[in-house]
Amino acid sequence: MASAWPYVYSLPHLGNLIGAPLSADVYARFLRRKGEEVVFVSGSDEHGTPIEAEARRRGIRPRQLTDEMHRKISSLFEAFRISYDNYTRTESPVHVRFVQEFYSKVYENGHIFDEEIEQLYCENCGIFLPDRFVVGTCPYCGNPKAYGDQCEVCGRLLTPLDLIGPRCAFCGSTPVVKKTRHWFFDLPKFSDELRGYIERNENFPENARNMSLAMIREGLKPRSVTRDNEWGIPAPFPGAEGKTIYVWMEAVLGYVSAVKEWAERRGKPELFDEFWKDPHTRSVYFIGKDNIPFHTIIYPALLMASGQGYVLPYNVSSTEFLMYEGQKFSKSKGIGIWMDEALELLEADYWRYYLIATRPETKDSSFAWADFEAKINNELNDVLGNFVHRTLTFTASRFGGEVPALNPSDEEARSAISRAEDLAKRAEDSLWRFRMREALVRVMDIAREGNAFLNSRAPWADLKEGRVERAGSTISAALTLVKGLAHYLEPFLPDTSERLWEMLRLDGSPHETTWDSAFEPLPEGHRIGDPKPLFRKVKKEELIERLREIRAARAQPES
RNA sequence: AGCGGGGUGGGGCAGCCUGGUCAGCCCGCCGGGCUCAUAACCCGGAGGUCGGUGGUUCAAAUCCACCCCCCGCUACCA
């Protein structure tokens, strides 16, 4: 399993989080609970022009910059409980060596050719400028901030030489045209093989399949593999001294190298082949929709071209985009919430709940504070938190904290549990189909079921009238549902699951248990721990205000 | 411009591929119940004819055509 590698130029925001790492984490945890052998990898994508330029601007080495960013991002993923088996980086020596060997093979297999091209060069910065990093006035609409590849105002595609008054995006000086030689991956060669692969792969979501087939239909073009950057992995092709591998063409191979690194670190290098070359391995990738063509076309083509028998993606699960109050996340405009800020406002599970419940599975969705408040308060806190709390406190206060007996002929109690089992089954079906949002609703329905069950049975009324056994049977069943929730919530809300585990005084850990043992009842007489509320309500005004303060405090030392 | 996705009661979504048994779910709103629980929980109700027009069909949210609106992508940003 893999989630897209974040480019460590800036910290990921909540849209990035749900797009790849969090979605992948839910699935990875689910697979582990189902007893599958899972290796879940990702890492920091740290080479390339933007970082090289930023480091130059700050007067530090790129490695210094990415060391810091890698450390920050790693700890943020950890705090959000993203359960990577290996979160590494593209500067990892294993990765660097792997990429060079990989491209040497692709070259030997005859899928690389070189060609001289003309490109804009900034003499002040001393770098060739990717089209995106040339800015100027759009010749069509007069937008003074058009990019060298496209004008965002009128939407027209451009080349840097179309721009009026082209400037280097980093220093503003006028670039010159210069010749340079680059090495290209012969992508069109793989068109037929790719088409067959995509058509045969029934797991690809519709958007990924359609987009990819359309691109093949329109004709694939060779992709350049090299760049004139210093900050990157040296290209291993004869005559390519001084060139580095284009970040994208290199970072995707991290999916492979990260598993190699993981296997070597465990002292079992043979695990690498077991995972990557066994045709039964299912590799699953979680990405945002902007990354689809790379993962369904270029990346599989590279794997094919290496001739090493690496398994092709079993599925590429792509999400649409998360917006922020209806707008695009934008660092420069301060629109959105970033991972580090989120954690200062609330614990990870609040965010995990909301993000999974709002996951843009079939179309763009929007983070909205009003919606956030409603979901946290009414669903997470009231439906889930309260069901657990009322059940546990009732057990504690009326049964001395001991699990009462379930009456075997209590049909109502048994059918409540069996309805919950149905819900769990449906949650599982949704998860197998990568519908995490739907799955979470089904798990929450278990709590809803529990609440309805308690109300209809009114064990408090039974106790008043001396029907202790009936009340006990009700609570026993409710406790079984709570235990089920402790299991089923693990992929979604790992910390909450852990706390429930402790409150129920269960053995082991929710992170090692199995999905299918969820409803095995607690033994009669088992003592539970002290019930504590799982969640608290939030007020959006307060959160927004705190966010403002956090930003203000941060802006100070920076400037 | 091309390509892809989407337009379903006040908000957020599912259903559409495999036409009828689909108008469903969560939230909100209104009314009722309960009091174990963090004024939490439960039950019931009002509210949509499924972007528009035309077509296919005994029958369309579901298929076809055209149109309108929103979003994304267009591959040297990663």
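Just so it is clear: chains get the letters A, B, ... in the order the sequence lines come, proteins before strands, and each one is counted from 1.
- The side chain of A:K532 places no N or O atom within less than 4.0 Å of a non-bridging phosphate oxygen (OP1 or OP2) of B:U38.
- We find that CH2 of A:W231 is positioned 15 Å from C1' of B:A78, with the value rounded to whole Å.
- Comparing A:A447 and A:H47 by the nucleotide of RNA chain B whose heavy atom lies nearest to each, the residue mapping closer to the 5' end is A:A447.
- Under 4.0 angstrom from either OP1 or OP2 of B:A40 there lies no side-chain N or O belonging to A:R448.
- Protein atom CD of A:Q119 is 11 Å distant from nucleotide atom P of B:C76, rounded to whole Å.
- Ring stacking is absent between A:F394 and B:C36, as the pair misses the limits of under 5.5 Å between centres and under 30 degrees between planes.
- Each of A:N229 and A:N378 was matched to the nucleotide of RNA chain B holding its nearest heavy atom; the match closer to the 5' end belongs to A:N378.
- Of the N and O atoms on the side chains of A:S44 and A:Y87, at least one donor lies less than 3.5 Å from an acceptor on the other residue.
- To the nearest angstrom, P of B:A14 lies 12 Å from CZ of A:R433.
- At whole-Å resolution of the value, CG in A:D462 and P in B:U35 are 12 Å apart.
- For A:Y255 and A:H295, the ring centers sit closer than 6.0 Å to each other.
- Contact of A:R132 with B:C77 (side chain to base): no donor-acceptor pair of N or O atoms is detected under 3.5 Å.
- Between the C1' atom of B:A39 and the CG atom of A:N377 lies a distance of 13 Å, rounded to the nearest Å.
- Nucleotide B:C34 holds its P atom 18 Å from the CG atom of A:N386, rounded to whole Å.
- Counting only heavy atoms from C-beta on, A:E379 has its side chain closest to B:C27 among B:C27, B:C71, B:A78.
- Of the possible polar contacts, one joining the A:S430 side chain to the A:R426 backbone as a donor-acceptor pair under 3.5 Å is found.
- Taking the six-membered ring for Trp, A:Y353 and A:F535 have ring centres at least 6.0 Å apart.
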